[in-house]
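I have placed the structure first, in the form of C-alpha cells, so that the comments after it can refer back to it.
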Amino acid sequence: MKRISFLVLGLTLAILLAGCEAKPPESTETGTLRYDGMYCFIRDFDYNGLTNNYALRFYEDGTVIHTSVEQKAAGMNYFPKEKWFNRENGYYTELLGSFTVSGGEITLTTKAPEGSVYYKGTIGKDRLVLDSRSEINGFEMSGCAYVFYPFED
C-alpha cells in the first residue's frame with residue numbers, strides 16, 4: 001500500500017514539475033508553512049481538454065486565498081502573480097478562507113459565493129499534500145501535491 005502511495009505521489013510530482021517548467025524552489029525545513037509565495041497544484045488535462053492550475057496563498061494571521069486558472073494548451077504554464085493574487089485585491093474579498101496548523105498537519109477552508117471547499121493534509125518540504133471536498137459540486141480529490149513557488153522579486 002505504501003509503495004503504491006509513494007508511486008502515485010512520485011508520478012504526481014513528476015507531472016507537476018514537468019508541467020510548470022519552473023525552476024525548483026529551494027528547500028525549507030520539513031513541516032514549515034511558507035507565506036512568501038504560493039502553493040500550486042497542476043491537474044493534467046481533464047475531459048474538457050483543460051489543464052487546471054490551482055493556487056493557494058497563506059497569510060500569517062490564518063487567512064488563505066485561492067484561485068484556479070484553466071489553460072487550453074499544454075506548456076502555457078500560467079501562474080498567479082503577487083501583483084494581483086493577494087487579499088488586498090477586491091476580487092478576493094468574498095473568497096477569504098481560513099486555516100489552522102497543528103504540528104505538520106494543516107486544515108483549511110476556502111470560500112466562494114457558491115459554497116466552500118474543505119482541505120486537510122500534511123505540510124512537507126516545500127509542498128502540501130491535501131485531500132479536499134467541495135460543497136459546491138461534491139467533487140473530492142485526495143493526495144494532491146501543492147508545490148511551493150516563491151514570488152519573484
Side-chain angles (χ1 to χ4, degrees), residues 1-20 22 25 28 30-72 74 76-82 84-87 89-149 151:
M1 181 75 164
K2 286 187 178 183
R3 286 185 191 202
I4 293 172
S5 297
F6 286 120
L7 178 61
V8 170
L9 180 59
L11 290 172
T12 301
L13 292 175
I15 290 169
L16 286 172
L17 293 176
C20 68
T28 62
T30 301
T32 301
L33 187 65
R34 295 187 57 182
Y35 306 104
D36 58 331
M38 63 186 160
Y39 289 86
C40 294
F41 170 67
I42 302 169
R43 186 167 174 222
D44 206 2
F45 287 101
D46 64 13
Y47 62 92
N48 291 317
L50 301 172
T51 297
N52 297 286
N53 296 341
Y54 300 99
L56 298 166
R57 182 173 181 184
F58 296 91
Y59 292 87
E60 293 182 58
D61 67 357
T63 302
V64 61
I65 60 173
H66 66 97
T67 194
S68 62
V69 178
E70 294 178 338
Q71 297 178 181
K72 295 184 180 190
M76 290 175 63
N77 305 325
Y78 180 74
F79 288 95
K81 302 287 184 199
E82 182 178 22
W84 60 264
F85 186 46
N86 60 66
R87 64 182 171 187
N89 181 335
Y91 175 79
Y92 293 102
T93 303
E94 295 182 12
L95 305 177
L96 296 178
S98 61
F99 71 94
T100 59
V101 173
S102 178
E105 296 186 356
I106 186 167
T107 302
L108 61 128
T109 303
T110 58
K111 307 274 186 185
E114 302 83 13
S116 299
V117 179
Y118 304 97
Y119 300 81
K120 186 171 186 172
T122 57
I123 303 169
K125 194 173 190 175
D126 289 318
R127 71 195 68 245
L128 306 174
V129 178
L130 301 173
D131 299 335
S132 63
R133 181 182 54 80
S134 171
E135 74 175 22
I136 300 166
N137 58 15
F139 191 66
E140 294 185 15
M141 295 189 347
S142 61
C144 298
Y146 284 73
V147 177
F148 180 78
Y149 293 91
F151 287 122

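Annotation: side chain to side chain donor-acceptor pair (under 3.5 Å) contacts of Tyr91 (sequence neighbours excluded): none. Asp36 pairs by the salt bridge (charged side-chain N to carboxylate O under 4.0 Å, His left out) definition with Arg34, not counting sequence neighbours. Taking the ring pair (Phe, Tyr, Trp, His ring centres under 6.0 Å) definition, one finds that Phe99 meets it with Phe58, sequence neighbours left out. By the side-chain contact (heavy atoms from CB on, under 4.5 Å) test, Ser116 pairs with Thr109, Lys111, Tyr118, Glu135, sequence neighbours left out. In terms of the side-chain contact (heavy atoms from CB on, under 4.5 Å) criterion, residue partners of Ser142 (sequence neighbours excluded) are, by chain and number, Asp131. Residues forming a ring pair (Phe, Tyr, Trp, His ring centres under 6.0 Å) with Tyr119 (at least two apart in sequence, or on another chain): none.
Here the CD1-CG distance, from Ile106 to Leu128, works out to 5.5 Å after rounding to the nearest 0.5 Å. Interatomic distance, Leu56 CG to His66 NE2, rounded to the nearest 0.5 Å: 8.5 Å. With rounding to the nearest 0.5 angstrom, the OH atom of Tyr54 is 12.5 Å from the SG atom of Cys40. Distance check, rounded to the nearest 0.5 Å: CG of Leu130 to NZ of Lys120 gives 12.0 Å. To the nearest 0.5 Å, atoms OG1 (Thr32) and CD1 (Ile123) are separated by 8.0 Å.
Across all their heavy atoms, Ile136 and Ala112 have their closest contact at CD1-CB, 4.1 Å.
Counting heavy atoms from C-beta outward, Asn86 and Tyr59 have side chains that approach closer than 4.5 Å. Contact check for Val117 versus Ser134: side-chain heavy atoms found under the 4.5 Å cut-off. Under the 4.5 Å side-chain criterion, counting only non-hydrogen atoms from C-beta, Phe151 is in contact with Arg57. Within the 4.5 Å cutoff, no side-chain heavy atoms of Thr67 are placed close to those of Ile65.
For the ring pair (Phe, Tyr, Trp, His ring centres under 6.0 Å) with Phe148, the lone residue among Tyr35, Phe41, Tyr39 that qualifies is Tyr39.
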